[in-house]
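Shown next, in structure tokens, is the structure this report addresses.
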There are 2 protein chains.
Amino acid sequence: MDDRQLTSELAAQAVEVCLCFHARKASRAITQVFDHILAPTGLRTTQISLLMVVNARSPLRVGDLADALVTDSTTVSRTIKPLIKSGFISEMPDKQDRRVKLITLTDSGRAALERALPLWQTAQSQVAKRLGSGVVQTLLPALESAAQLGPSDIV
Amino acid sequence: MDDRQLTSELAAQAVEVCLCFHARKASRAITQVFDHILAPTGLRTTQISLLMVVNARSPLRVGDLADALVTDSTTVSRTIKPLIKSGFISEMPDKQDRRVKLITLTDSGRAALERALPLWQTAQSQVAKRLGSGVVQTLLPALESAAQLGPSDIV
DNA sequence: CCATATATTATGTATATGCATGTATAATGG
DNA sequence: CCATTATACATGCATATACATAATATATGG
């Protein structure tokens, strides 16, 4: 067995168990179902999730929003742009600290979220049904653990 | 309790259990750990996963690669571009069907994959260790189920 | 054999994501 | 009080992702 074959076999095993690959594949598959069902809202599932978090905690800082979304703050800076343009969230400077931008859900955003919730429920139910309750009950807590991984300590 | 409050509470419950939101958050967190550890390879984890799949199945069609990655074929059309430019995979037309483009791992790509595998093992071990074996053993099969969701039947 | 339908990949446009870096503001040390 | 440092957000660049649509090639029905 030469190097070529050896690498092939190691790589073949790796791809079957890679936690990153599987997490991303599953994420894409679930996102597709949600996005298709939520398409009539004119919003992507990512955007609806963002509105949900802002709804629960507004007004909140860009950095805190990034933490809640387990995302880079530079990503939030950009993902909120189309939502601001659509008028669903608004931004205003913090009087106490002018570096800080406070994000708030607008009435229009709240209305959009309200309209989206029934379709969200449809998507959630459909995915849950197709996965089966057993899978869902193991998946959710495991995903929550994974989301709390935080930065790696590369030693 | 007015509509405002009602929506807030429903949305607050939804965001806690949303399978799409949790899957995406977990995917981002896991990806960050892998990408940080794999940074010395000059490749992203997504690209290494793609090389692994091509390694296991090359030569293969763009469409078949998309199926294996649970991704849109238009996404594959673009994600392979930097890998072709780097010389890690090559493309050639299928003689039997000139619509088809066959993707192959190059020697250079195989070498890059071989170099990446030890770091991949580090990332996989570190994530597995931090999640705990119990979580990993429930997570992997659940993610595999989720990745097989396929398109939704919107009724 | 040709017209139409179907299949395969690419491109236009838009959002999603993160690193390196830049800019403005606040905090801190001397 | 000022110089340095740290924090918060934005921007440049690159990859990731998908829908609508286009371009090309095959398949199929008459």
Side-chain angles (χ1 to χ4, degrees), chain A residues 20-21 23-36 38-40 42-50 60-67 69-86 88 91-103 151-152, chain B residues 20-21 23-36 38-40 42-50 60-67 69-86 88 91-103 151-152:
Chain A
C20 190
F21 182 43
R24 291 183 70 91
K25 267 195 303 184
S27 168
R28 284 192 290 269
I30 293 174
T31 299
Q32 295 220 0
V33 177
F34 273 75
D35 275 349
H36 282 146
L38 286 163
L43 292 168
R44 305 224 176 150
T45 308
T46 298
Q47 298 177 318
I48 291 174
S49 297
L50 192 149
L60 83 171
R61 297 159 165 239
V62 169
D64 290 341
L65 183 51
D67 290 344
L69 299 174
V70 190
T71 296
D72 198 277
S73 66
T74 66
T75 298
V76 173
S77 279
R78 272 182 256 252
T79 50
I80 60 176
K81 283 190 194 305
L83 294 170
I84 290 171
K85 193 173 180 182
S86 301
F88 295 147
E91 52 185 359
M92 57 177 180
D94 185 332
K95 303 285 165 107
Q96 272 68 50
D97 186 341
R98 280 182 302 173
R99 293 170 301 182
V100 172
K101 180 192 284 186
L102 292 173
I103 307 298
S152 66
Chain B
C20 189
F21 182 43
R24 291 182 71 90
K25 268 194 304 183
S27 168
R28 284 193 290 269
I30 294 173
T31 300
Q32 296 230 350
V33 176
F34 272 74
D35 275 349
H36 282 146
L38 287 163
L43 293 168
R44 305 222 178 152
T45 308
T46 298
Q47 298 176 317
I48 292 173
S49 297
L50 192 148
L60 83 172
R61 296 159 168 238
V62 169
D64 290 340
L65 183 50
D67 289 344
L69 298 174
V70 190
T71 296
D72 198 276
S73 66
T74 67
T75 297
V76 173
S77 279
R78 274 185 252 254
T79 51
I80 60 175
K81 282 192 194 304
L83 295 170
I84 291 170
K85 194 173 178 182
S86 301
F88 296 146
E91 51 184 1
M92 58 178 181
D94 185 333
K95 303 283 163 105
Q96 271 66 50
D97 185 342
R98 282 183 301 171
R99 293 169 300 181
V100 172
K101 179 192 286 187
L102 292 174
I103 307 298
S152 65

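Naming convention: chains lettered A, B, ... in sequence-line order (proteins, then strands); numbering from 1 in each chain.
For the pair B:Ile30/B:Val33, no side-chain contact is recorded, criterion being any heavy-atom separation below 4.5 Å from C-beta on. Taking the side chain as every heavy atom from C-beta outward, B:Val62 and B:Leu102 never approach each other to under 4.5 Å.
For B:Arg99, the side chain to side chain donor-acceptor pair (under 3.5 Å) partners are B:Asp97, not counting sequence neighbours. Legend: residues meeting side chain to side chain donor-acceptor pair (under 3.5 Å) with A:Thr31, ordered by chain and number and at least two apart, are B:Arg24. Residues passing the side chain to side chain donor-acceptor pair (under 3.5 Å) test with A:Asp35, sequence neighbours excluded: A:Thr45. Contacts of B:Thr75 classified as side-chain contact (heavy atoms from CB on, under 4.5 Å), with partners at least two apart in sequence or in another chain: B:Thr71, B:Asp72, B:Thr79.
Taking side-chain N and O atoms only, B:Lys85 has no distance below 4.0 Å to OP1 or OP2 of D:dA14.
Whole-Å rounding puts the B:Lys95 NZ to D:dA25 P distance at 15 Å. Rounded to whole angstrom, the span from the CG atom of B:Leu43 across to the C1' atom of D:dT15 amounts to 12 Å. Residue A:Phe21 contributes atom CZ, which lies 15 Å from atom C1' of D:dT17 at whole-angstrom precision. Between the CG atom of B:Leu50 and the C1' atom of D:dT17 there is a distance of 14 Å, rounded to whole Å.
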Show each protein N/O and nucleotides 3-9 of chain C N/O combination with a separation under 3.5 Å, one pair to a line.
| unit_1 | atom_1 | unit_2 | atom_2 | d |
| --- | --- | --- | --- | --- |
| C:dA7 | O4' | B:Arg99 | NH1 | 3.4 |
| C:dA7 | N3 | B:Arg99 | NH1 | 3.2 |
| C:dT8 | OP1 | B:Arg61 | NH1 | 3.2 |
| C:dT9 | OP1 | B:Val62 | N | 3.4 |
| C:dT9 | OP1 | B:Lys101 | N | 3.4 |
| C:dT9 | OP2 | B:Gly63 | N | 2.9 |

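Remark: side-chain polar atoms of B:Gln32 are not paired, donor with acceptor, to backbone N or O of B:Ala29 under 3.5 angstrom. Judged by distance alone, the side chain of B:Arg28 and the main-chain N or O of A:Val70 form a donor-acceptor pair under 3.5 Å.
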Heavy-atom protein contacts under 4.0 Å, nucleotides 12-20 of chain C, coded B base, S sugar-phosphate only, - none
BB-SSBBBB
